[in-house]
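Here is the structure we will look at, set down as structure tokens.
In this chain, numbering begins with 1 at the start of the sequence shown.
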Amino acid sequence: MKLLTTGTKGWFVYQKVVVVFIAFMIPLVAMNIWVNYKEMSFTKKTITDSAVAGASFYANQLDKELYFIRSQQLQFVNDKDLQKLSFQGSTLDEYALFELINQTKDRLSAIQYSSELIVDAGVYVKEIGKTTSIGGISDTPNDESEFIVPLAGLTPKPSFYQKDGRLFFIESENNSGIISYIEISTSRLREALRQITTLYQESEVFLGSKTLGHVLSTAKDQNVIIPLLAQLEEGNKGNANPSRVIDIAGTSYFVMTCPVGSLNLSLVMYVDHNEITRPLRQYSFWFYALFVIAIVVLLLYSYSLNFMIHRPLSKLTKAFQMMETDNLNLIIESKTRDEFHYLFHSFNRMAFRLKRSIEENYEHKIAIQQSELKQLQSQINPHFLYNSFFNIYMMCKVGDSDGAAELSQKLGSYYQYITRNGSDEVPLYKEYQHALDYCEIQCIRFSNRIRYEHEEIPDYAKAVTVPRLIIQPIVENVFEHAFEDGMMNGILSMTVDYQEGVVRIKVEDNGRLLTDETLQSLQEQLRNESGQQEKTGLMNVNNRLQLKYGAGSGLFVSRSQHGGLRAELMIRTQNERK
């Protein structure tokens with residue numbers, strides 16, 4: 001006996017499961033962790049959204065201020081007094097010229113005082129050879145003209161001009177010879193950028209692009225700006241999100257970008273990501289602690305279920321699997337007094353009763369199978385005799401004494417084989433030769449308008465034993481049904497193969513009478529084992545093989561490559577029922 005043990009003494013299973021469930025309260029812990037995680041995510045998102053909104057507000061204000069300065073400059077360039085000074089300056093008298101220059105200077109003063117970002121404003125008029133600015137009127141060439149004129153000639157025209165640490169807006173009229181310039185105070189612009197850094201104490205802000213680099217920055221350490229710009233340019237392709245987290249040299253930065261269209265630059269604020277999440281760190285410890293506790297609880301709960309439920313059920317399942325392999329020599333031992341104790345005890349009783357039933361009925365079952373085999377085989381023997389006597393009768397009647405003599409001699413050998421006493425099984429080569437003798441008899445009967453082909457049996461397969469009279473009924477079916485339309489050049493082919501304990505005997509013909517409907521009907525009849533009433537012919541052979549060799553053995557039919565029927569006998573000798 002194989003002994004299977006399980007369990008320990010204790011409560012009933014349902015009591016254990018209820019107690020474990022109440023003790024651990026997994027759903028509440030999981031919900032608590034989930035709520036904390038959501039709260040931290042929401043808080044973090046609120047902080048970052050606030051920073052993005054603040055940075056966007058300052059960037060938009062700065063952009064509007066610079067656009068306003070640009071619009072003032074464009075209006076000034078198109079001023080009618082300035083245009084008159086440019087086109088008629090050399091022809092005006094001294095008083096009129098002085099009056100126009102003063103009016104121009106007044107306009108420049110108005111532009112300068114319109115914005116705190118403007119440090120200087122001026123204009124160069126080629127026609128009169130003078131530069132006019134808030135600081136005064138000078139003849140050219142002078143320092144101002146030599147500084148501004150080369151910048152105005154740059155192509156393509158940039159959004160702004162930068163030289164020697166100074167920042168300019170320059171508008172030129174080539175036809176009129178007017179070059180207007182406005183210098184933006186870099187110190188005041190940097191101060192405006194510092195207002196944005198008040199959102200986070202550790203944040204830095206700069207204006208720049210990948211092409212120009214950083215134009216203006218509040219940062220003391222410039223090393224992070226260049227790689228930051230490179231990653232921003234790559235990330236901006238197809239990404240409209242103004243904020244993201246970027247890793248540079250092992251440090252994570254929270255970065256916000258806002259376009260400044262007036263300068264064709266980006267305003268970028270960046271801050272160490274840890275500075276943003278600093279207020280949330282006090283919650284992180286408890287968040288992870290609760291998560292670890294939840295994992296421990298789940299492990300304990302899983303171990304408890306495994307010990308109390310899974311192990312007993314696994315033993316019971318394995319016992320049933322062993323029973324499926326006809327192994328009834330086992331007993332499951334239970335040391336508990338719960339539901340599994342009853343299941344194991346019931347299983348042991350069932351296995352014992354089943355074993356007794358098999359022992360009592362096994363011999364009776366074998367005797368019935370042998371009786372059925374004898375009955376099925378006896379039904380085959382007379383069938384061919386009737387046809388053979390009729391063939392001899394017809395030959396004698398037509399005066400074919402030689403044919404009748406030859407057929408009688410073949411019939412003698414044929415019936416000597418089928419009436420010989422002895423085992424129900426014979427070597428494969430004898431059964432195969434018997435079928436060939438039958439083919440010789442039938443070829444005489446059909447006046448040689450039908451011929452047969454066969455392959456020799458491999459030497460290693462000749463000694464394999466098979467039931468008697470399993471090939472001849474298949475061959476007989478071919479002669480009776482495949483060639484009954486009187487066709488000429490009928491062909492019957494037989495082959496034998498034996499590999500890995502499986503014998504395959506194939507019989508094929510080139511008959512023209514087999515329809516798809518007939519083939520399908522025959523296949524269904526062969527599959528219908530229990531409902532089959534016919535005990536002769538193809539069905540007889542199929543029943544004999546299935547009865548003796550079990551599932552997988554039998555007769556299988558399909559369409560032959562020659563066009564007729566293909567019948568394949570399958571004998572799985574390793575499945576033979578003892």
Just one of Ile474, Leu514, Asn477, Leu519 clears the side chain to side chain contact (heavy atoms under 4.5 Å, CB included) bar with Val557, so which one?
Leu519

Side chain to side chain, His481 and Leu513, heavy atoms closer than 4.5 Å
no

Return the CD to CZ distance between Glu568 and Phe556, rounded to the nearest 0.5 Å.
8.0 Å

Side chains of Ile392 and Leu411: closer than 4.5 Å at any heavy-atom pair?
yes

Smallest heavy-atom separation, Thr515 atom then Arg559 atom, equals C-NH2, 3.8 Å

Which heavy-atom pair separates Ser252 from Val245 by the least distance, and what is that distance?
CB-CG1, 4.0 Å

Nearest atoms (heavy-atom pairs only) where Glu431 meets Val466
CB-CG2, 4.1 Å

Using only atom types and a distance under 3.5 Å, with no angle test, would you say the side chain of Asn542 pairs donor to acceptor with the backbone of Leu555?
yes

Considering only NZ, NE, NH1 and NH2 on the basic side and carboxylate oxygens on the acidic side, decide whether Glu508 and Lys506 come within less than 4.0 Å.
no

Find the distance between NZ (Lys45) and NZ (Lys38) and round it off to the nearest 0.5 Å.
11.5 Å

Taking C-beta and beyond as the side chain, do Tyr438 and Ile471 meet within less than 4.5 Å on heavy atoms?
no

Backbone of Arg572 reached by a side-chain donor or acceptor of Ser553 within 3.5 Å
yes

Spacing of Leu522 atom CG and Arg527 atom CZ [to the nearest 0.5 Å]
10.0 Å

Do Ile505 and Met494 have side chains that get closer than 4.5 Å, going by heavy atoms?
no

Take atom CD in Glu453; do more than 12 heavy atoms of anything else shown fall under 6.0 Å from it?
yes

For the side chain of Ser521 and the backbone of Glu517, is there at least one donor-acceptor N/O pair under 3.5 Å apart?
no

Atom CD of Gln472 and atom SG of Cys439: how far apart are they, to the nearest 0.5 Å?
9.5 Å

In terms of heavy-atom contacts, does CD of Glu500 have more than 12 from other residues, nucleotides or ligands at under 6.0 Å?
no

So how far is it from Asn489 CG to Phe483 CZ, rounded to the nearest 0.5 Å?
10.5 Å

Once you round to the nearest 0.5 Å, how far does CE of Met488 lie from CD1 of Ile450?
9.0 Å

Do the ring planes of Tyr460 and Tyr498 sit parallel (below 30°), tilted (30 to 60°) or perpendicular (above 60°)?
tilted

His454 vs Leu436 side-chain heavy atoms within contact, under 4.5 Å:
yes

Taking all atoms of both residues into account, what is the closest heavy-atom pair of Ile571 and Pro467, and its distance?
CD1-CD, 4.4 Å

If you compare all heavy atoms of Lys462 against all heavy atoms of Ile457, which two are closest, and at what distance to 0.1 Å?
CE-O, 3.5 Å

May I ask you to test the His434-Lys430 pair for a side-chain heavy-atom distance under 4.5 Å?
no

Main-chain N/O of Val268 paired to Ser266 side chain as donor or acceptor, under 3.5 Å
no

Tyr432 to Val496 - nearest heavy-atom pair and separation:
CE1-CG2, 3.4 Å

